[in-house]
A.B. asks: 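Here it is, the structure, as structure tokens.
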Amino acid sequence: MPITIKELHIKINVDEKSNTNIQPSKMNTAKIVATCVEEVMDILERQKQR
């Protein structure tokens with residue numbers, strides 16, 4: 001029996017006092033976004049097959 005999630009709550013705490021000078025390059029950011037989109041599309045395709 002499949003489980004359906006109707007609501008999802010996500011809580012994030014951001015610490016703005018952090019002094020890191022590391023900034024991701026645009027290429028890395030684009031690669032991360034592309035990977036996330038691909039994963040979401042795979043999940044949606046699996047849901048259609050059910």
A.B. asks: Which pairs, with at least one residue in residues 32-44 and sequence neighbours excluded, count as a side chain to side chain donor-acceptor pair (under 3.5 Å)?
C.D. replies: none
A.B. asks: For V40, check side-chain contact (heavy atoms from CB on, under 4.5 Å) against everything at least two apart and list the hits.
C.D. replies: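 side-chain contact (heavy atoms from CB on, under 4.5 Å) list for V40, sorted by chain: L44.
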A.B. asks: Would you give me the side-chain donor-acceptor pairs under 3.5 Å for residues 4-11, sequence neighbours excluded?
C.D. replies:
{"from": "E7", "atom 1": "OE2", "to": "H9", "atom 2": "NE2", "distance (Å)": "2.8"}

A.B. asks: Picking from M41, Q47, K48, what satisfies side-chain contact (heavy atoms from CB on, under 4.5 Å) with E45?
C.D. replies: K48
